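Reviewing the structure listed below.
All values reported here derive from a predicted model rather than from experimental measurement. Heavy atoms only: backbone and side chains are in, while hydrogens, waters and symmetry mates are out.
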There are 2 protein chains.
Amino acid sequence: MLTERQLTILQVIIDDFIDSAHPIGSRALSKKENLPYSAATIRNEMADLEELGFLEKTHTSSGRVPSEKGYRYYVDHLIGPIISPSPNEVTIIKNIIDDGFFEFEQIVQMSAEVLSKLTSYTSIILGPEMFETKLKQIQILPLSAHTAVAILVTNTGHVEHRSFSIPEKVRASDLEKMVNIMNDSLKGVPIVQLQEKLATEVAQLMKMYIDDFDTSFDYLKSVFLSEHPVKLYIGGKSNILMQPEFNDVDKIRSFFNMMEKEDEIANLLKNTKSGIEVTIGNENEVEAIKDLSLITASYHMEGDHMGTIALLGPTRMEYRKVITLLRGLSNEMTDALYMWYKNDDA
Amino acid sequence: MLTERQLTILQVIIDDFIDSAHPIGSRALSKKENLPYSAATIRNEMADLEELGFLEKTHTSSGRVPSEKGYRYYVDHLIGPIISPSPNEVTIIKNIIDDGFFEFEQIVQMSAEVLSKLTSYTSIILGPEMFETKLKQIQILPLSAHTAVAILVTNTGHVEHRSFSIPEKVRASDLEKMVNIMNDSLKGVPIVQLQEKLATEVAQLMKMYIDDFDTSFDYLKSVFLSEHPVKLYIGGKSNILMQPEFNDVDKIRSFFNMMEKEDEIANLLKNTKSGIEVTIGNENEVEAIKDLSLITASYHMEGDHMGTIALLGPTRMEYRKVITLLRGLSNEMTDALYMWYKNDDA
DNA sequence: ATTAGCACTCGGGTACATAGAGTGCTAACA
DNA sequence: TGTTAGCACTCTATGTACCCGAGTGCTAAT
């Protein structure tokens, strides 16, 4: 068990290191007011803390640096009261969301950028996932003799569209009929069930009305059932260049390499529980971010997990600030979702 | 005037330097088959070429490096026959475009990525601009009691949408009426004239039918007339980290800083004439890319400039390859545009 | 339990020597 | 007159030696 004094020293070291990125020496610590001990005393304590695994040295005679275990302890016990975001930050967040307009994707994108700007880390936002999203309307609009655009609208105001050219074989009138049938029978169906319903019930129905059913149907499927990938927004990839730990070209390269594997990152965020989660360095399962820390927060709609907001930065991260901010934003987003979609009449 | 031999030497030096990024010495050159001269002879020629401003030294006793003037001359006179893109590249380009589906924006985005991957430079695509784009349909779809989504489709299959909440004052039925009026009177109107027509003719018409005209109209305007910024797609920002000239963290920082000023970049590309243009280093007017080269190509629709494709890389760029590729792609895009929209019946 | 003192360690900066690549110039050559 | 061999010179890159300062660990005194 750590003594009170050890706790204080650990906390001060981590706070200082987070701030300065330089190893902390005993002399500097002994000058702090809340540590009225001599450098030698503090050295002894630091040696103990190192033995316990909370601190590390970069070389034999350097100052101390927090270990991952140290950060973990700090995050779990020493982080102090999570203050609410500063008024300034609150206004910034609120401004993004209370715009009168609400394109959720747009909000998510702006949030990613703002988060990154406020922290100088890289922000990643996943979602929203569309489990509860229902179909509102399907439309096919001819553009010219043999091209058209298909538009699909959900109850959340999400719009997907796809332009395509109509093969000779497929008759425009058939397409129209099919769309009508789809609208009649699929309105209000959750997006995730769309494919299934379309293949079974709706297909039955259509066969009765459409001449060259097979060709047209295959075609239709390819238009409407393209993957709906969960979207990933990344903000401030280059913001992280301001961190002193990215002082080396190779690190920068490997960081950017990693950021290009969007699906891997998406997976990382998908498996988060609700609430705020902090994974530090090697706690991360993905090789590429084993020397970074990831903080995730999820946002909800009526209890259902909708998506995840995350910040990725060096293990020397401003945990307190980031946790505060993420909590603020995820609450804001959860509230906003509720506000907008509670009167859902899809 | 340069002698035949000087030309050859200049060409070989630039070719080599583009390939290796290392200063070229006389000994290495004298070993080439097409330069059957001794190192001393070549040294003399190089000294002359330097005096003329085509070559530079990095320090007194280093090999030679092309100057910007050298690159300029190379691009204008020595670049050799612009071969057509390799069959491999052709297939790649064609695959992006002949997808059966054509979301122009999607194609543009993919093109940006592919271009960057093929060259290891950063690609920038501007456009397409919507001068000739005409309105196809406007639709407002209620989502819940007081929210709705507005969808605007153009004859090119471009879809803009915006969700918004309806203020108490504005009656849904009024909105609907207004949309009907707009559809009737604005169909086929070029997007760029939309705002003007709406404010004059259409507003007149509406006044006759709508009760609380002013509020509703103001509101409508804010929904539909949000800026239509010309879109900018950037591919392979981090690809450029593979270039040896980006071996220094500061350079990387300033490069990424520059890439964030999207409007500045957009301006850069807007002012290009048709055809292929190469600007080398200080020929660029924008400070931030004065040690890079930019190659632009524009694509058209029935003679009208629609947008610009560009590649940004070190002055030591594979000019021949890039010019080839850009020409290929811009032709492909021009063709594709023509194919899709020639039967335009908006 | 705390602290002062001291020997020790290591990184980073500076100075210096050396090797190698390349040049410029001169003189010899065809 | 154009070409080439030879040589002195220059500059970079690399390696080595050295010192300074910050910091530690340990011992002994308080």
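For the pair A/Thr60 and C/dC10, the criterion of a side-chain N or O lying under 4.0 Å from OP1 or OP2 is met. Distances shown here put every side-chain N or O of A/Lys57 at or beyond 4.0 Å from the OP1 or OP2 atom of D/dA22. Regarding contacts with the backbone of D/dC11, every side-chain N or O of B/Ser61 stays at 4.0 angstrom or more from both OP1 and OP2. The phosphate of D/dT3 (OP1 or OP2) has a side-chain N or O of B/Arg5 nearer than 4.0 angstrom. Residue B/Arg64 places at least one side-chain N or O under 4.0 Å from the OP1 or OP2 atom of C/dG24.
Of the listed nucleotides (D/dT24, C/dT3, D/dT4), D/dT24 has the atom at the smallest distance from the side chain of A/Ser26.
Side chains of A/Tyr233 and A/Leu126 form no contact here, defined as non-hydrogen atoms less than 4.5 Å apart.
The separation between B/Glu56 atom CD and C/dT23 atom C1' is 16 Å, rounded to whole Å. Rounded to whole Å, atom C1' of C/dA4 lies 12 Å from atom CG of A/Asn44. Rounded to an integer number of Å, the gap from B/Glu51 CD to C/dT23 P is 16 Å. Distance CD1 (A/Ile42) to P (C/dA4): 12 Å, rounded to an integer number of Å. Atoms CD1 (B/Ile9) and C1' (D/dG2) sit 14 Å apart, rounded to a whole Å. Per the geometry, OH belonging to A/Tyr37 stands 9 Å off P belonging to C/dT3, to the nearest Å. Taking atom CD of residue A/Glu50 and atom P of nucleotide D/dT24, one finds them 10 Å apart after rounding to whole Å. Atom CD in A/Glu45 sits roughly 14 Å away from atom P in D/dT24 (whole-Å rounding).
Within the 3.5 Å criterion, the main-chain N or O of B/Leu269 finds a donor-acceptor partner in the side chain of B/Thr308.
Ion pairing between B/Lys251 and B/Asp291 fails under the 4.0 Å rule for side-chain N and carboxylate O. Comment: A/Glu283 does not engage A/Lys290 in a salt bridge, judged by the lack of any side-chain N to carboxylate O separation of less than 4.0 angstrom. Ionic pairing of B/Lys273 and B/Glu277 is present here: one or more N-O contacts between side-chain nitrogen and carboxylate oxygen are shorter than 4.0 angstrom. Between A/Glu56 and A/Arg64 there is no salt bridge, since none of the side-chain N atoms of the basic residue sits less than 4.0 Å from a carboxylate O of the acidic one.
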Atom pairs, N/O to N/O, protein against nucleotides 12-17 of chain C, distance under 3.5 Å?
none

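For residues 43-71 of chain A, the pairs satisfying ring-ring contact (aromatic ring centres under 6.0 Å, His included) are A/Phe54-A/Tyr73, A/Tyr71-A/Tyr319, with sequence neighbours left out.
Note on A/Ser62: only backbone sugar-phosphate atoms sit closer than 4.0 angstrom, heavy atoms only; bases stay farther off.
Contact of B/Arg43 with C/dG24 (side chain to base): a donor-acceptor pair of N or O atoms is detected under 3.5 Å.
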